[in-house]
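What follows is a set of notes on a single structure, which appears directly below.
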There are 2 protein chains.
Amino acid sequence: MAEDAPRRQPTLDEVAERAGVSRSVASRALNNAPHVSRAKREAVERAVRQLGYVPNPTARALATRQTGAAALVVSGEDPSIFADPFFAQVIVGASAALEEADLHLMLCLAASDRGRKRVAELLRSRGADGAMLMALREDDPLTRVTEEAQMPVVFGGRPVGTTPRWYVDVDNVGGARKATEHLLSRGLTRVAAICGRLDTEAGRARYRGYRDAMLAAGLDPFPPQEGDFTEPSGAAAMAALLVNHPDVEGVFAAGDNMAVGALRTLRKAGRQVPADVAVVGFDDLTVARIADPPLTTVHQPIEALGREMARMLVALVNGQDPTALILPTRLVVRSSA
Amino acid sequence: MAEDAPRRQPTLDEVAERAGVSRSVASRALNNAPHVSRAKREAVERAVRQLGYVPNPTARALATRQTGAAALVVSGEDPSIFADPFFAQVIVGASAALEEADLHLMLCLAASDRGRKRVAELLRSRGADGAMLMALREDDPLTRVTEEAQMPVVFGGRPVGTTPRWYVDVDNVGGARKATEHLLSRGLTRVAAICGRLDTEAGRARYRGYRDAMLAAGLDPFPPQEGDFTEPSGAAAMAALLVNHPDVEGVFAAGDNMAVGALRTLRKAGRQVPADVAVVGFDDLTVARIADPPLTTVHQPIEALGREMARMLVALVNGQDPTALILPTRLVVRSSA
DNA sequence: GAGTGCACTGGGAGCGCTCCCACTGGAAGC
DNA sequence: GCTTCCAGTGGGAGCGCTCCCAGTGCACTC
């Protein structure tokens, strides 16, 4: 390819000439616009086929002021947070919805300062028709960038602090409450919480749900035992919990990865799950199903999250005014609690 | 945003006018090109700041015939294969390398016919400056599309059948051989292989490596017990193996997910790992470390795979002629073998 | 018969940028 | 003193498309 004869791609003018029509007619024929006679439409189609014509998306973009692409921005210092299968599922959902609208997906992993700068430029330069932002932490520098964005922006999960106009979130509070209630309903009272990063809204909301359920049952909530949503952090948090509260009977972990880490620590400590300590997770990742024992967890519709974000963005791009969305969560009972 | 006063973005002409220079000078100043006096350069910079000017990437793309984006195409019938954390790591690597070259990442999940058609159009229309293709299976319809691509194409992993000019792959044969040799070195002789899809080159190559090692040791290789790289398929394959070869002593699984599935089946069957049956995986995913017992596996540099693909593509885009690359694998000994 | 409407047509002006090229004037070379 | 050179400059022609609009013919009214 690199060294190939650089035979220029045919242009619309050439198609028009070959079809014996004007450029305007050819353009209309290509876009299925009205005001083209059947004969000319067919002539254009023939010329397109003969010449192997493919419209130049860049030129089209310049003329229409529409890039045909939507950006998905994943913020975070550490690019490895992206390794969380959570994002892969969001992408699958978003990609499917964008495909329906014939938009391409630009994926921006904004980890470094340079990366964030590029995202900022993309947002300000109309390098895409719209953007979806995920995983904004407190004081995330990208939050400010969205203010000067020259395109609609949809948030995946609410950022900490402000509530944007357009977002799709999951019912974190309700899910955490259900999880905790499930533990309490089995007669347990010493139920602790391993929570995610408290500088994320998901981390806070899930702890809030846990606390609500505890208070409603007339119990003292444990102080938050903070992790960062990873397996090792869950293992560490569980270890700390066993030291400080050796009599703990139940644990709500605000993420499956952390729950699996807790399981590992418990096994190492010789505690039976769920007999000695019951564990409930959050997310319902693949790992929940294959954990040992299989994890009781709160299912959140991750793919739907991505899909709805993309749909909302498409609506905005089309000039509609959708409303923010909170997707339901539900408890999936397996063996760990 | 959607309803905002549509105050047009300032253009380069306006910047030039404000700075009291011509458009050419302004353009050169912006691109750090030579032939601009210090005074005018500063005047342009000032005007840019005052106007909040951001260059329009689409217009630039049209003029330069460079889109500033590279596509990463993940092929596959089922979008859920993308949920494999493997791809996330590839993306992290590719994203980092593209960022260095100031290219954006377009992610194309070509699952449906429609998706594939869009990818084909992207490749033929120069909708990106180059493309990286992953996970091409035998007879994948996208293989043909690359022939008429109007841009350089780099393959991640070799497709089945042909060997493209530019690809980055991992030493699958060598890795599988090392894994098998490790099992044999412990005196085991009845060593079976759970292999991945045999319509992928990775699946085939890894089985080949296993077979080579068995033959070299004067042993009869087991016939391939095929899985599809997922955990359940590994569990099922292990179950089948236990039925057909109850005396099996060691298993080489061509993927960590399948290895973890095998572990699950073995535990259910009451077989101790590694005492009764030793297991070696392939990939060194996160799950290998947290598996019970921790998985001995073949580490492959997945992030590097993505990074090198992107670097190779960047080189091609810049008119250089890089050579194909095969990245090394190494055995990581943990407890399962 | 002139008047009205409408499906169709093609010319031309952008979209906002890059880059070629012709031009200037002052420094350097002879 | 007169060329030669070259950093610096701005005009203008694209890049390949969309879309407005004025213009054409033809059917159909009154």
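Throughout, protein chains are lettered first and strands after them, A, B, ... in sequence-line order, and every chain is numbered starting at 1.
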Closer than 4.0 Å, any side-chain N/O of [X] to the OP1 or OP2 of [N]?
X       : N      : answer
B/Thr64 : C/dT18 : no
A/Lys40 : C/dT9  : yes
A/Asn31 : D/dT18 : yes
A/Ser24 : C/dG10 : no
A/Thr11 : D/dG16 : no
A/Arg23 : C/dT9  : no
A/Ser37 : C/dT9  : yes

A/Val25 side chain: which of D/dG16, C/dC17, C/dG10 is closest?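 Selected nucleotide (nearest to the side chain): C/dG10.
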Which one, D/dG16, C/dT18, C/dC8, comes nearest to the side chain of B/Ser27? C/dT18
Can you tell me how far [atom2] of [N] sits from [atom1] of [X], to the nearest Å?
X       : N      : atom1 : atom2 : value
B/His35 : C/dC23 : NE2   : P     : 18 Å
A/Leu30 : D/dC17 : CG    : C1'   : 10 Å
B/Gln9  : C/dC15 : CD    : P     : 14 Å
B/Leu62 : C/dC17 : CG    : C1'   : 8 Å
A/Asn56 : D/dG14 : CG    : C1'   : 14 Å
B/Leu12 : C/dC19 : CG    : P     : 12 Å
B/Glu42 : D/dG8  : CD    : P     : 13 Å
B/Arg60 : C/dC19 : CZ    : C1'   : 13 Å

Test side-chain contact (heavy atoms from CB on, under 4.5 Å) on B/Met134 and B/Met309 and set out the steps. CA-CA 10 Å; B/Met134 300 243 12; B/Met309 281 175 74; 3.9 Å; yes
Categorize B/Arg65 for me: base, sugar-phosphate, or nothing, with a 4.0 angstrom heavy-atom threshold over every strand shown.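 Touches sugar-phosphate only.
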Just call it for A/Pro55: base, sugar-phosphate, or nothing, with non-hydrogen atoms closer than 4.0 Å on any strand. sugar-phosphate
If only side-chain N and O atoms count, and only distance matters, is there a donor-acceptor pair under 3.5 Å linking B/Ser112 with A/Glu99?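 There is such a pair (donor and acceptor under 3.5 Å, judged by atom type) between the side chains of A/Glu99 and B/Ser112.
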Can you find a donor-acceptor pair, distance only, under 3.5 Å between A/Arg28 side chain and C/dG10 base? yes
Heavy-atom distance under 4.5 Å between the side chains of B/Val314 and B/Leu316, does that happen here?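 The answer is no; the side chains never approach within 4.5 Å.
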Can B/Arg18 and B/Gln50 be said to form a side-chain hydrogen bond (donor to acceptor under 3.5 Å, both in side chains), step by step? CA-CA 9 Å; B/Arg18 175 150 204 147; B/Gln50 288 172 353; 2.7 Å; yes
Between A/Thr58 and B/Ser22, which residue's closest nucleotide on DNA chain D lies nearer the 5′ terminus?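 The residue mapped nearer the 5' terminus is B/Ser22.
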Side-chain donor/acceptor of B/Gln89 to backbone N/O of B/Phe86, under 3.5 Å: no
